[in-house]
Amino acid sequence: NVKKRLANVKHNSSNNYIKKVGLLIDESYFNEKEKLISELIKNGIQSQNIEFLVFRDRIKKNEVFDYPVFSSKDMSWNGTFDKEQITTFTNANFDLLISYYDIEKAPLLLVTLNSKADFKVGFSSVDMRLNQFMIDTNAETPSASGNGRRSNFSISGKLISTTAFLFSVCARRSLII
């Protein structure tokens with residue numbers, strides 16, 4: 001269903017500066033969203049203009065978050081979301097949507113696809129029809145003590161800074177692809 005919708009993707013175009021940013025983050029492999037947000041702020045995006053939605057593979061029954069989180073269980077069989085946080089995020093008129101995930105998962109693809117953002121950026125490993133600008137790198141970097149398990153990945157500060165800088169350059173529309 002998601003793949004069929006991708007065939008009809010139409011991108012918006014705008015020449016405005018970026019004021020409102022949406023961050024869609026897969027917390028399964030990347031859990032340093034605060035560093036990413038602080039780098040965006042350092043690059044000229046105001047904190048009150050940054051909203052984020054976090055995806056997790058599993059959410060424990062009694063687990064409570066102080067930020068919006070969703071999982072595959074929030075997606076219906078026909079590819080819709082009933083959770084208000086998700087529909088609010090997808091309907092928000094972001095100037096820029098940063099899809100911070102590099103592994104294709106149906107709920108993440110669907111949120112990116114349904115987003116009303118004017119300009120979408122993400123990683124090149126994700127279906128190229130979703131984003132107008134893509135970065136050719138991974139969303140995570142293995143830590144030295146990783147023991148080979150994906151859950152032990154952590155991202156380096158240098159990659160966060162570089163990614164935030166690239167996203168902010170796109171935000172200023174000074175880079176035309």
Side-chain angles (χ1 to χ4, degrees), residues 1-14 16 18-41 43 45 49-57 67-72 74-75 79-81 83 85-141 150 153 155-156 159-173 175 177:
N1 193 9
V2 174
K3 294 290 183 185
K4 288 180 185 177
R5 290 184 192 178
L6 283 172
N8 299 319
V9 171
K10 292 182 177 124
H11 295 291
N12 298 332
S13 63
S14 173
N16 298 329
I18 299 301
K19 294 178 183 136
K20 190 171 181 182
V21 175
L23 278 173
L24 177 59
I25 300 170
D26 184 354
E27 201 172 64
S28 306
Y29 305 110
F30 177 77
N31 58 8
E32 298 186 39
K33 66 183 173 312
E34 297 304 324
K35 283 186 180 179
L36 181 58
I37 291 169
S38 70
E39 288 298 325
L40 288 170
I41 292 168
N43 284 286
I45 307 296
N49 292 331
I50 300 172
E51 293 180 31
F52 57 93
L53 180 63
V54 175
F55 175 82
R56 296 186 94 189
D57 286 324
Y67 51 89
V69 176
F70 75 109
S71 72
S72 298
D74 294 312
M75 188 173 80
T80 61
F81 294 103
K83 197 171 187 180
Q85 294 171 323
I86 303 168
T87 56
T88 300
F89 187 85
T90 57
N91 290 326
N93 292 319
F94 296 120
D95 299 311
L96 173 66
L97 174 68
I98 299 172
S99 296
Y100 209 91
Y101 59 90
D102 62 354
I103 296 175
E104 291 186 0
K105 297 177 184 176
L108 291 164
L109 295 172
L110 197 55
V111 170
T112 301
L113 176 65
N114 291 337
S115 173
K116 307 288 188 273
D118 289 337
F119 194 71
K120 299 176 185 179
V121 296
F123 292 97
S124 62
S125 59
V126 176
D127 194 312
M128 63 186 220
R129 296 172 289 183
L130 286 173
N131 301 305
Q132 287 103 331
F133 182 80
M134 291 157 280
I135 295 175
D136 189 19
T137 189
N138 295 331
E140 79 264 339
T141 302
R150 290 187 69 87
F153 280 104
I155 194 155
S156 69
L159 180 58
I160 291 174
S161 297
T162 303
T163 304
F165 172 75
L166 288 171
F167 286 142
S168 67
V169 167
C170 293
R172 293 188 192 112
R173 312 250 194 218
L175 184 64
I177 306 291

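Residue numbers start at 1 and run along the sequence shown. Only this structure's heavy atoms are used, side chains among them; waters, hydrogens and symmetry mates stay out.
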Check [X] against [Y] and note the closest heavy-atom contact, atom names and distance.
{"X": "L113", "Y": "K120", "result": "O-NZ, 3.5 Å"}
{"X": "F81", "Y": "L110", "result": "CE1-CD2, 3.7 Å"}
{"X": "V21", "Y": "I98", "result": "CG1-CD1, 3.9 Å"}
{"X": "L96", "Y": "A117", "result": "C-CB, 4.4 Å"}
{"X": "F123", "Y": "Y101", "result": "CD1-O, 3.4 Å"}
{"X": "A106", "Y": "M75", "result": "CB-CE, 3.8 Å"}

To the closest 0.5 Å, what do you measure between [atom1] ([X]) and [atom2] ([Y])?
{"X": "L108", "Y": "S72", "atom1": "CG", "atom2": "OG", "result": "8.0 Å"}
{"X": "M128", "Y": "L130", "atom1": "CE", "atom2": "CG", "result": "11.0 Å"}
{"X": "N49", "Y": "K19", "atom1": "CG", "atom2": "NZ", "result": "9.5 Å"}
{"X": "L36", "Y": "I41", "atom1": "CG", "atom2": "CD1", "result": "10.0 Å"}
{"X": "D102", "Y": "D26", "atom1": "CG", "atom2": "CG", "result": "8.0 Å"}
{"X": "I25", "Y": "F55", "atom1": "CD1", "atom2": "CZ", "result": "13.5 Å"}

*Where the side chain of E51 meets the backbone of G22, is there a donor-acceptor pair that is under 3.5 Å apart?*
no

*Okay, side chain of T88, backbone of Q85: is any donor-acceptor separation there less than 3.5 Å?*
no

*side-chain hydrogen bond (donor to acceptor under 3.5 Å, both in side chains) partners of D57, counting only residues at least two apart*: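 With sequence neighbours excluded, D57 shows a side-chain hydrogen bond (donor to acceptor under 3.5 Å, both in side chains) to S28, K105, given in chain and number order.
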
*With sequence neighbours left out, write down each residue that passes side-chain contact (heavy atoms from CB on, under 4.5 Å) with N93, or none if nothing qualifies.*
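Only K116 meet the side-chain contact (heavy atoms from CB on, under 4.5 Å) criterion with N93.
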
*With sequence neighbours excluded, what pairs up with S38 under the side-chain contact (heavy atoms from CB on, under 4.5 Å) test?*
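By the side-chain contact (heavy atoms from CB on, under 4.5 Å) rule, S38 matches no residue at all.
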
*Looking at residues at least two apart in the chain, or sitting in another chain, which of them share a salt bridge (charged side-chain N to carboxylate O under 4.0 Å, His left out) with E27?*
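With neighbours one apart ignored, the set is K33, R56.
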
*Results of salt bridge (charged side-chain N to carboxylate O under 4.0 Å, His left out) for K83 - residues two or more places apart only*: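 If we apply the salt bridge (charged side-chain N to carboxylate O under 4.0 Å, His left out) test to K83, skipping adjacent residues, the hits are D74.
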
_Between N131 and S99, is the side chain to side chain contact (heavy atoms under 4.5 Å, CB included) condition met? List the steps._
CA-CA 9 Å; N131 301 305; S99 296; 4.1 Å; yes

*asked:* Determine whether L23 and L40 satisfy the following criterion, side chain to side chain contact (heavy atoms under 4.5 Å, CB included), listing intermediate values before the conclusion.
replied: CA-CA 10 Å; L23 278 173; L40 288 170; 4.0 Å; yes

*Verify whether the ring centers belonging to F94 and F89 lie closer than 6.0 Å.*
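Yes, ring centres under 6.0 Å apart.
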
*Partner set under ring pair (Phe, Tyr, Trp, His ring centres under 6.0 Å) for F52, not counting sequence neighbours*: none

